[in-house]
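Everything on this sheet refers to the single structure shown next.
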Amino acid sequence: MPRHSPSLSLATPDRIARTALAVIDEEGPAALSFRSVAERLGVSHATVHRRCTDLGGLLDLCTDHLAAELPDIPPGTPWAEATEARFTALYALLTAHPGLVALRGSRPWLGPQLLARLVEPALADGIAAGMTPEQAFHTYRRMYLLTLGSAAFVDHGDPKATATTTRTALAALDPEQFPVLTGHMGVILPAMTDHEVFHGALRQLIAAARP
């Protein structure tokens, strides 16, 4: 029988995911590579490659590692309450790791933990509450896109930088051509990083879709 490599014990999927997230959060998304993860784990980059195959596989590990933190909603929880809890938790995870969101881009989020802890129960709850399968999926999709877009559009890890960048861009506009944008920066700038924009929109979607 082939001997088990000790390096594989050091480079478990869970340890790789936690280490990769640390690299992204501490050094920025551009710093992520098999080599940077391997150096922190004390193994060769080939060992990490054996676990992940490619960068997409590494990002999938990170995503599913985070998805394991999504809450288990107790059976019998009212649909609206369960839905708000699920998507609020997803939003919190995504905004806590903006570098991962930026790296994943348009890649689908289809890991087993996300499917089991978010997608499947959200759809099942919708159908149990009286929705057709089509209604349940469309409702889920709207809330998922709201959550992902709200997290990806702004780097919530550095709200001051976001405000500064936005202020600079608006200040460069011609007030005659863009009177609303240049005349209401006091309203626009706080809204850029205000989490309540997401929470309010989520509650509106829930109210509109309530069976």
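Owing to the predicted nature of the structure, the values given are computational and were not obtained by experimental measurement.
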Quiz item: Can you tell if the side chain of L21 reaches within under 4.5 Å of the side chain of L66, non-hydrogen atoms only?
Solution: yes

Self-check item: Short side-chain to backbone donor-acceptor contact, T139 and A136, under 3.5 Å
Solution: no

Quiz item: Same hydrophobic cluster for L145 and L115, using side-chain heavy-atom links shorter than 4.5 Å among ILVMFWY?
Solution: yes

Practice problem: Answer whether the closest heavy-atom distance between the side chains of T83 and D125 falls below 4.5 Å. | Solution: no

Practice problem: With sequence neighbours left out, write down each residue that passes ring pair (Phe, Tyr, Trp, His ring centres under 6.0 Å) with Y140, or none if nothing qualifies. | Solution: F87, Y144

Quiz item: Counting distance only, does the side-chain N/O of R35 pair as donor-acceptor with the main-chain N or O of H45 below 3.5 Å?
Solution: no

Quiz prompt | Non-hydrogen side-chain atoms of E84 and L202 separated by less than 4.5 Å | solution = yes

Quiz item: Is there a side-chain contact between L61 and D14, using heavy atoms and a 4.5 Å cut-off?
Solution: no

Quiz item: Are any of the side-chain heavy atoms of V197 and S150 separated by less than 4.5 Å?
Solution: no

Practice problem: Verify, without hydrogens or angle tests, whether R15 (side chain) and L41 (backbone) share a donor-acceptor contact under 3.5 angstrom. | Solution: no

Practice problem: Without swapping roles, check the side chain of Q135 against the backbone of T132 for a donor-acceptor pair under 3.5 Å. | Solution: yes

Exercise. Verify the distance criterion only: is there a donor paired with an acceptor across the side chains of Y91 and H199 at less than 3.5 Å?
Key: no

Self-check item: Heavy-atom closest pair, residues A116 and P121
Solution: O-CD, 3.2 Å

Practice problem: Nearest 0.5 Å please: distance from the CD1 atom of I24 over to the SG atom of C62. | Solution: 5.0 Å

Practice problem: Give, for atom CZ of F198 and atom OG1 of T88, the distance between the pair rounded to the nearest 0.5 Å. | Solution: 5.0 Å

Quiz prompt | Minimum heavy-atom distance A80-I206, with the two atoms named | solution = CB-CG2, 3.6 Å

Quiz item: Should I73 and L118 be regarded as members of a common hydrophobic cluster, given that ILVMFWY residues are connected when their side-chain heavy atoms come within less than 4.5 Å of each other, either directly or indirectly?
Solution: no

Self-check item: Side chain R51, main chain T12, donor-acceptor under 3.5 Å
Solution: no

Quiz item: So, are E27 and R40 salt-bridged, with charged N and O less than 4.0 Å apart?
Solution: yes

Self-check item: Shortest non-hydrogen contact from R86 toward R117
Solution: NE-O, 4.2 Å

Quiz item: Under 3.5 Å, is there a donor-acceptor pair between the S44 and T47 side chains?
Solution: yes

Quiz item: Do V119 and I127 belong together in a cluster built from hydrophobic side chains that touch within less than 4.5 Å?
Solution: no

Exercise. Could you tell me whether the side chain of L114 reaches within less than 4.5 Å of the side chain of L70, counting heavy atoms only?
Key: yes

Quiz prompt | Minimum heavy-atom distance M143-A209, with the two atoms named | solution = CE-CB, 4.5 Å

Exercise. Identify the two heavy atoms, one from L94 and one from A151, that lie closest to each other, and give their separation to 0.1 Å.
Key: CB-CB, 3.5 Å

Quiz item: Can any side-chain N or O of S36 pair as donor or acceptor with the backbone N or O of A31 at less than 3.5 Å?
Solution: yes

Self-check item: Interatomic spacing from CZ in F137 to CG in L123 - rounded to 0.5 Å
Solution: 7.5 Å

Self-check item: Full working for side-chain contact (heavy atoms from CB on, under 4.5 Å) between L100 and R104
Solution: CA-CA 6 Å; L100 176 63; R104 287 195 61 90; 4.0 Å; yes

Quiz item: Taking the side chain from T77 and the backbone from P74, do they hold a donor-acceptor pair closer than 3.5 Å?
Solution: yes

Quiz item: CG of L32 to CG of D25: how many Å apart, nearest 0.5 Å?
Solution: 10.5 Å

Quiz item: Are the side chain of D64 and the backbone of Q113 linked by a donor-acceptor contact shorter than 3.5 Å?
Solution: yes

Self-check item: 4.5 Å side-chain heavy-atom contact, V37 and S33
Solution: no

Exercise. Look at atom CD of E134 and say whether more than 12 heavy atoms of other residues, nucleotides or ligands are closer to it than 6.0 Å.
Key: no

Exercise. Taking all non-hydrogen atoms of both residues into account, name the closest pair between P29 and L103 and its distance.
Key: CB-CG, 3.5 Å

Quiz prompt | Partner set under side-chain contact (heavy atoms from CB on, under 4.5 Å) for T166, not counting sequence neighbours | solution = T162, L170, L189, M192

Quiz item: Does the side chain of D174 come within less than 4.5 Å of T182's, by heavy atoms?
Solution: no

